[in-house]
Amino acid sequence: MPGCGRAPSQSSPASLRLRSPCDAVPLRCLWSMLRGLARAAKHEATASRGAPGRGCAVACAAASATATAAGASVGRKHTCPILLVTWDSAGQPAGCRPSEARLGVEPILRGGGVHGDRTPIHSDSDEGDGTIKYTISGEGAGTIFLIDELTGDIHATERLDREQKTFYTLRAQARDRATNRLLEPESEFIIKVQDINDSEPRFLHGPYIGSVAELSPTGTSVMQVMASDADDPTYGSSARLVYSVLDGEHHFTVDPKTGVIRTAVPDLDRESQERYEVVIQATDMAGQLGGLSGSTTVTIVVTDVNDNPPRFPQKMYQFSIQESAPIGTAVGRVKAEDSDVGENTDMTYHLREESGSGGDAFKVTTDSDTQEAIIVVQKHLDFESQQVHTVVLEALNKFVDPRFADLGTFRDQAIVRVAVTDVDEPPEFRPPSGLLEVQEDAQVGSLVGVVTARDPDAANRPVRYAIDRDSDLEQIFDIDADTGAIVTGKGLDRETAGWHNITVLAMEADNHAQLSRASLRIRILDVNDNPPELATPYEAAVCEDAKPGQLIQTISVVDRDEPQGGHRFYFRLVPEEPSNPHFSLLDIEDNTAAVHTQHVGFNRQEQDVFLLPILVVDSGPPTLSSTGTLTIRICGCDSSGTIQSCNTTAFVMAASLSPGALIALLVCVLILVVLALLILTLRRHHKSHLSSDVDEDMRDNVIKYNDEGGGEQDTEAYDMSALRSLYDFGELKGGDPGGGAASPPQAASSSERHSLPRGPSSPEPDFSVFRDFISRKVALADADLSVPPYDAFQTYAFEGAGSPAASLSSLHSGSTGSEQDFAFLRAWGPRFRPLAALYAGHRGDDEAPAS
């Protein structure tokens, strides 16, 4: 077709180069292209039937072509992409994608001319003389894809993997081989990788562990497994998976589409097999032949249900225990077996004794950790009374599943026989303890009671009795060692001790180690051996103007006895004074009596105190009585009857202060006196100690003057001789003792000093005083180990004659030849004349004899 490029060859694969609307395409050219496409399709269909399975030969590509459009100017070029379409042997389009498994010497995209089944991918200007060079660029160009520069064939250098990259975008160029000039604009094409079934299914969420309860119905869902396939799910059946069971199909099934695992049998038994390993396989290509597959192992654990009742391994158990075993002692352990696990094995046990076996001597508890039955002693055992105990032990599940009630009763029974062994037991008291009574006036040796004990053993050995003296320290009671008779050992007094608790010992005669104890309470019965007494030393006060019949005091009494019928006391005045003219006594008959006045008014100047003796008698037997005295004081009262004062100060003191308060007050005064004496003693001791220290302290020889004196003209205000005497030592005197002529006159005189006038010369100081003082201090410090050594050192204002430094004081200066003239002081006026007389005048007197 002129102007439309080269028509497709009948021998080549059906192809069509279709220009894009980048420029106007003549209608005749488009019609020619469509006709050529139809012919190519027909030819390809015919050729494919003779060569079945040829499939897709090339991929889509874009090439450039030029054509001269109708009505366009001469030499004008039109460049458009070319779509290459190929058909498979069935006459269907084979697509534009090379297989991802395609790799070999054959190109995946051909160029060049029309040669057999090659698709022409080349430039229209290619004459086949090799002057045009084909190149590609883009993804994988030069590494994955290579192009033949002469033919334009594109080859893949390595295996393609769609799961890693689905397509590649490349660009093709046609260049002049000599000048490398781009003959046509660059064209872009896409290579899509066609999927093949090269990825097997994988189970990515393993390992899989599921569980199902035993005895679950058929079809019970266990769990779901899912596999994934990396192939393209939108292309073919490469990613269509089907599930199946490879191992374990006798017990479980799997849904082919969903992967849900279910039980295949209704009788899964955990006790027979607790764990199943089921292999699940996933196959792609919808399970067709040739599909790839992957498998995984699913662990299915069969969980327990309470479908097994408890069972005792044996029907008879025998134990033995000593009759002396205390209550709570474990006899033995029995366990019923249960094939279940967990809480389904929790059991409770019940115990019952057979009829006529002696009652409930034992009880049973359940060990929560081991689910064992612990049989323990509940009552004291006695070999002599019953030697064998037979009990029935029943075990039953704590939690019963009603779904399995048809399997039978979930309990079991066993017989337990407990044999009681004999031991040497101590004697037993009969009765073991009790109450004894004795009159408090019982004579020594009187019988109080008898205790009885016997040996419970078959030997029935003789018993000896004794009293635990820790319970009867005063040995008030004694006991006969053979008969157990308790008698009084001392006189009794209920008022002192109304009850006695003693412990009686019973022991075997030939084995004192077999010892038993019994506590006895002995009550001392009362007899009337104490007379009644006034409750307190009664004292009453009555006003001088009291009226007849006025109540003065109500009297009550106490009695240490406790008669069974209660107390009844009688009051009356003593027979010596049956009728008192001043006061009367009235028995109120409720164990109290009242004292009243007999006449009008009293005179305390005549008698201020009345003593009223009262006789008190109890009801016996025997009848006892005592006499008490009521002290009545006559006091002055105001108009309202309030007592103002009584004649006796002691009465006021007694009424205001109790004896205990008076004693406390005296003790306080005594303590104050002792403290005052102690303080005075300490002060005197302290003063004597200070005075001795003052006498020995030589520093007190320093004389202090607080008087400033009368001024400059007062030269006799104080005597400095006391100060000079401490420092006027012979070692400070100048001059040569030999009196050599070489000595200057000033050095020959020891009195030539510039100092204050001195009084009469003092004798030479005695250094022995200092030496003795220091020696005493050192001796005291050495003798007293508690005084640090440095306490013996004292400081003295005395440098000593051998000091290398001269004294800084003008007193006792050793200078004999001062170069300073103090004569100018006379010219300073009368205020300085005393000072000039001390220095300048004295100096002149000293120089005159020298001349």
Side-chain angles (χ1 to χ4, degrees), residues 440-441 493-499 523-600 602 604 607-635 637 640-643 646-648 650-663:
E440 65 173 323
D441 59 350
D493 185 10
R494 189 204 63 83
E495 288 72 31
T496 303
W499 288 86
R523 183 171 71 177
I524 310 302
L525 299 179
D526 184 49
V527 294
N528 193 19
D529 57 348
N530 294 281
E533 299 175 351
L534 294 182
T536 60
Y538 286 103
E539 291 189 2
V542 63
C543 295
E544 287 183 292
D545 55 353
K547 298 178 181 180
Q550 179 177 340
L551 176 63
I552 300 175
Q553 182 71 48
T554 300
I555 298 173
S556 62
V557 297
V558 293
D559 194 337
R560 297 175 62 191
D561 296 323
E562 292 182 0
Q564 295 182 355
H567 291 288
R568 177 67 179 95
F569 303 109
Y570 303 94
F571 301 86
R572 60 176 176 267
L573 298 178
V574 295
E576 291 79 8
E577 297 183 8
S579 60
N580 190 296
H582 303 289
F583 305 98
S584 63
L585 179 65
L586 176 62
D587 190 347
I588 306 177
E589 297 183 356
D590 61 351
N591 294 333
T592 61
V595 179
H596 298 82
T597 58
Q598 287 276 54
H599 58 81
V600 177
F602 295 89
R604 57 177 172 170
Q607 186 177 356
D608 58 351
V609 177
F610 292 89
L611 299 178
L612 183 65
I614 300 174
L615 179 65
V616 183
V617 183
D618 61 14
S619 58
T623 301
L624 300 178
S625 63
S626 67
T627 301
T629 301
L630 172 62
T631 303
I632 303 174
R633 301 182 183 278
I634 308 302
C635 302
C637 303
S640 61
T642 304
I643 297 175
C646 296
N647 288 340
T648 307
F651 176 73
V652 178
M653 291 294 295
S656 59
L657 291 178
S658 63
L662 291 175
I663 294 174

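When the shell of 6.0 Å around CZ of Arg568 is examined, it contains more than 12 heavy atoms from other residues, nucleotides or ligands.
Nearest approach of Gln598 to Pro581, heavy atoms of both residues: CB-O, 3.1 Å. For the residue pair Glu539 and Gln553, the shortest heavy atom distance occurs at O-OE1, 3.9 Å. Scanning all heavy atoms of the two residues, the minimum distance from Gln607 to Val609 falls at NE2-O, 2.9 Å. Heavy-atom minimum distance, Leu585 versus Ala593: CD1-CB, 3.7 Å. Closest non-hydrogen pair, Cys635 versus Ile643, comes out as CB-CG2, 3.6 Å. Between Leu573 and Pro613, the closest heavy-atom pair is CD2-O, 3.7 Å.
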| Step-by-step side-chain contact (heavy atoms from CB on, under 4.5 Å) determination, Asn528 to Leu624 | CA-CA 8 Å; Asn528 193 19; Leu624 300 178; 4.0 Å; yes

| request: Decide yes or no on side-chain contact (heavy atoms from CB on, under 4.5 Å) for Asp529 and Glu495, but give the supporting numbers first. | output: CA-CA 10 Å; Asp529 57 348; Glu495 288 72 31; 3.8 Å; yes

| said: salt bridge (charged side-chain N to carboxylate O under 4.0 Å, His left out), that's the test. Do Arg494 and Glu562 meet it? Break it down for me. | reply: CA-CA 9 Å; Arg494 189 204 63 83; Glu562 292 182 0; 3.7 Å; yes

| request: Start with the C-alpha distance between Glu440 and Asp493, add both sets of side-chain angles, then the distance that settles side-chain contact (heavy atoms from CB on, under 4.5 Å), and finish with yes or no. | output: CA-CA 5 Å; Glu440 65 173 323; Asp493 185 10; 3.5 Å; yes

| request: Under the side-chain contact (heavy atoms from CB on, under 4.5 Å) rule, what do Ile614 and Leu630 come out as? Steps first, then yes or no, please. | output: CA-CA 7 Å; Ile614 300 174; Leu630 172 62; 4.2 Å; yes

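In this structure, the side chain of Asp590 engages the main chain of Thr592 through a donor-acceptor pair within 3.5 Å. No donor-acceptor distance shorter than 3.5 angstrom exists from the side chain of Asp618 to the backbone of His567, with no hydrogens or angles considered. Thr597 places a side-chain N or O within 3.5 Å of a backbone atom of Gly549 that can act as its donor or acceptor partner. Distance alone, capped at 3.5 Å, places no donor-acceptor pair between the Glu533 side chain and the Val558 backbone.
The CG atom of Leu615 sits 4.5 Å away from atom OG1 of Thr627, with the distance rounded to the nearest 0.5 Å. Considering OH of Tyr570 and OG of Ser619, their distance stands at 6.0 Å, rounded to 0.5 Å. Separating the OG atom in Ser626 from the CG atom in Leu534 is a distance of 6.5 Å, to the nearest 0.5 Å. Taken to the nearest 0.5 Å, the NE2 atom of His596 stands 8.5 Å off from the CD1 atom of Ile552.
A heavy-atom distance below 4.5 Å is not found between the side chains of Val595 and Leu551. Side-chain contact between Asp561 and Val527 is absent, with no heavy-atom pair separated by less than 4.5 Å. Leu586 places none of its side-chain heavy atoms less than 4.5 Å from the side chain of Phe571.
Under the 3.5 Å distance criterion, with hydrogens and angles disregarded, no donor-acceptor pair is assigned to the side chains of Asn530 and Asp559. No side-chain donor from either of Tyr538 and Thr554 sits under 3.5 Å from a side-chain acceptor of the other.
Taking the six-membered ring where tryptophan is involved, the planes of Phe610 and His582 are tilted, since the angle between them lies from 30° to 60°. Between Phe602 and Phe583, the two ring planes are parallel [angle under 30°; tilted spans 30° to 60°].
In this structure Asn591 satisfies the side chain to side chain donor-acceptor pair (under 3.5 Å) test with no other residue, sequence neighbours excluded.
The sulfur atoms (SG) of Cys637 and Cys543 lie less than 2.5 Å from each other.
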